[in-house]
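Following: one structure in structure tokens, then a few remarks.
Protein chains get the first letters and strands the later ones, always in sequence-line order, with residue 1 at the start of each.
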Protein chains: 2
Amino acid sequence: MRTLKYAILGLLNKKDMTGYDIAKEFKYELFKFWHARHSQIYPELKRLAEEGFVTYDIKISGDILEKKLYSITEKGQKELLIWLHKDENISQTPKDVFRLRMYFSNNLDLESRIHLLENQKVQHKEKLDILKKTAEQYSEIPDHNTDRFGDFIVLEGAIMRQESVIKWLDKCIGYCKKAQKEEKKNK
Amino acid sequence: MRTLKYAILGLLNKKDMTGYDIAKEFKYELFKFWHARHSQIYPELKRLAEEGFVTYDIKISGDILEKKLYSITEKGQKELLIWLHKDENISQTPKDVFRLRMYFSNNLDLESRIHLLENQKVQHKEKLDILKKTAEQYSEIPDHNTDRFGDFIVLEGAIMRQESVIKWLDKCIGYCKKAQKEEKKNK
DNA sequence: CGAAGCATGTAAAACGTTACATGATTGG
DNA sequence: CCAATCATGTAACGTTTTACATGCTTCG
């Protein structure tokens with residue numbers, strides 16, 4: 001499917017970047033729906049250059065440090081547009097290790113379950129807070145023809161997903177606490 | 001991390017199964033949070049047997065068809081329990097190709113965006129319907145010490161996630177339609 | 001001067017998908 | 001008898017993570 005190819009083309013379509021910049025974008029922007037590391041990015045950039053979808057200029061930073069500033073070619077832009085138009089089937093639900101654990105949670109005592117659930121909740125709340133802080137920069141819906149539109153809707157999606165996860169964790173915690181009370185009553 | 005190892009141990013802890021049965025569980029039960037195919041399962045079962053976490057008996061089905069009925073060993077059960085208790089950090093948000101497309105959607109006209117969004121919505125709704133039909137078997141919250149408890153909470157989580165995705169898609173469709181109206185007005 | 005960050009790569013291992021390969025059983 | 005499903009495996013390929021490897025620049 002070569003998703004990384006299109007992620008990179010999309011980013012370079014906004015502006016010229018180095019491999020390092022692209023890695024940073026993944027870390028600080030695209031993390032809302034994906035993550036790729038530099039060890040994947042550099043080889044893919046090399047390949048895209050060989051295929052003629054991108055080119056690069058070598059720039060000198062400071063005295064001797066060379067960096068490759070990549071830009072998208074016309075061929076690359078065409079390729080990106082074709083991909084953007086593609087209908088796709090929704091993918092298999094991705095692996096969620098915590099839910100696997102909960103699936104088998106009848107093997108744990110209630111206290112352990114609550115502990116695990118609360119721990120997840122704290123972490124998901126932290127992530128939600130970061131997303132919400134990012135969202136503050138948007139006082140209104142950005143124009144649909146700007147970069148910011150895509151960023152905005154994806155950010156909203158990430159927030160909604162995060163809130164839904166937290167709601168689910170709360171529900172599970174509720175079930176466990178209720179069962180705990182009943183257990184105590186029966187003693 | 002060897003998540004597949006623990007998924008298999010968890011399943012075998014419920015009851016004895018063949019590799020084929022385990023593949024079916026993935027397809028019809030665990031799909032709510034994961035999917036693994038038989039080409040991963042068979043080698044893993046072999047490895048688990050070598051490591052002493054599972055054993056198997058060869059059963060004859062019909063006249064000659066051999067099947068391996070696997071069961072968990074005591075060692076396997078211990079291993080599973082240790083894993084179940086583990087706190088874990090929430091994982092990187094998994095890859096979502098559609099959101100990547102939407103991230104770059106300013107390169108698409110509004111009509112195309114709406115088309116893509118509606119297509120996703122139909123598919124996610126179908127998935128939601130299947131989940132909801134499965135949920136009908138639960139008239140009340142199952143006892144927390146039974147297998148059904150884990151199944152139940154994970155099912156609820158899957159439904160909530162699905163509903164949240166659909167809500168997001170609707171929101172995006174709303175933005176696009178609003179922009180479309182404004183475009184027409186300005187003509 | 002030292003730490004944090006900039007910058008680029010490769011290698012090995014782990015994980016996952018698709019394709020190849022084969023054959024038996026069950027139920028209509 | 002035929003189709004769907006049961007049943008087990010391997011091989012090749014693609015994706016992702018972790019580790020290895022190196023060195024420069026900027027700012028306090």
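When rounded to the nearest whole Å, the span between OH of B:Y56 and P of D:dT8 equals 11 Å. Atom C1' of nucleotide D:dA7 and atom CG of B:D21 are separated by 10 Å, given to the nearest angstrom. Rounded to whole Å, atom P of D:dT16 lies 18 Å from atom CG of B:L4. Distance OH (B:Y70) to P (D:dA7): 13 Å, rounded to an integer number of Å. Taking atom OH on A:Y20 and atom P on D:dC24, their separation rounds to 16 Å, with Å as the unit.
In this structure, A:R2 and A:E44 have side chains that are in contact, with non-hydrogen atoms separated by less than 4.5 Å. For the pair B:W83/A:R101, a side-chain contact is recorded, criterion being any heavy-atom separation below 4.5 Å from C-beta on.
Each of A:R2 and A:I64 was matched to the nucleotide of DNA chain D holding its nearest heavy atom; the match closer to the 5' end belongs to A:R2. Ranked by how close their nearest DNA chain D nucleotide is to the 5' end, B:L69 and A:E44 are led by B:L69.
Among the candidates A:Y20, A:W34, A:F31, A:F33, the single residue satisfying the ring pair (Phe, Tyr, Trp, His ring centres under 6.0 Å) test with A:F26 is A:W34.
Interface limits on DNA chain C: the 5'-most and 3'-most nucleotides within less than 4.0 Å of chain B heavy atoms are C:dC15 to C:dT25.
Sparse packing is recorded around OH of B:Y56, with 12 or fewer heavy atoms of other residues, nucleotides or ligands lying under 6.0 Å away.
Between B:K24 and the phosphate of D:dC6, there is a side-chain N or O to OP1/OP2 separation shorter than 4.0 Å.
Within residues 33-43 of chain A, the residues approaching DNA chain C are A:H38, A:S39, A:Y42, by heavy-atom distance under 4.0 Å.
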Requested in this report: Evaluate the criterion side chain to side chain contact (heavy atoms under 4.5 Å, CB included) for residue pair A:F152 and B:Y175; output intermediate values, then yes/no.
Outcome: CA-CA 11 Å; A:F152 174 74; B:Y175 293 148; 3.7 Å; yes
Query raised in the report: Does the pair A:T146 and A:D143 meet the rule for a side chain to side chain donor-acceptor pair (under 3.5 Å), with working shown?
Result: CA-CA 6 Å; A:T146 62; A:D143 184 275; 5.0 Å; no
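A distance of 11.5 Å separates CZ in B:R161 from NZ in B:K32, rounded to the nearest 0.5 Å.
Remark: the backbone N or O of A:R148 is not paired with any side-chain donor or acceptor of A:D151 at under 3.5 angstrom. With hydrogens and angles ignored, the 3.5 Å screen pairs no side-chain donor or acceptor of B:E163 with any backbone N or O of B:M160.
Using a 4.0 Å heavy-atom distance criterion, A:K95 is classed as a sugar-phosphate-only contact.
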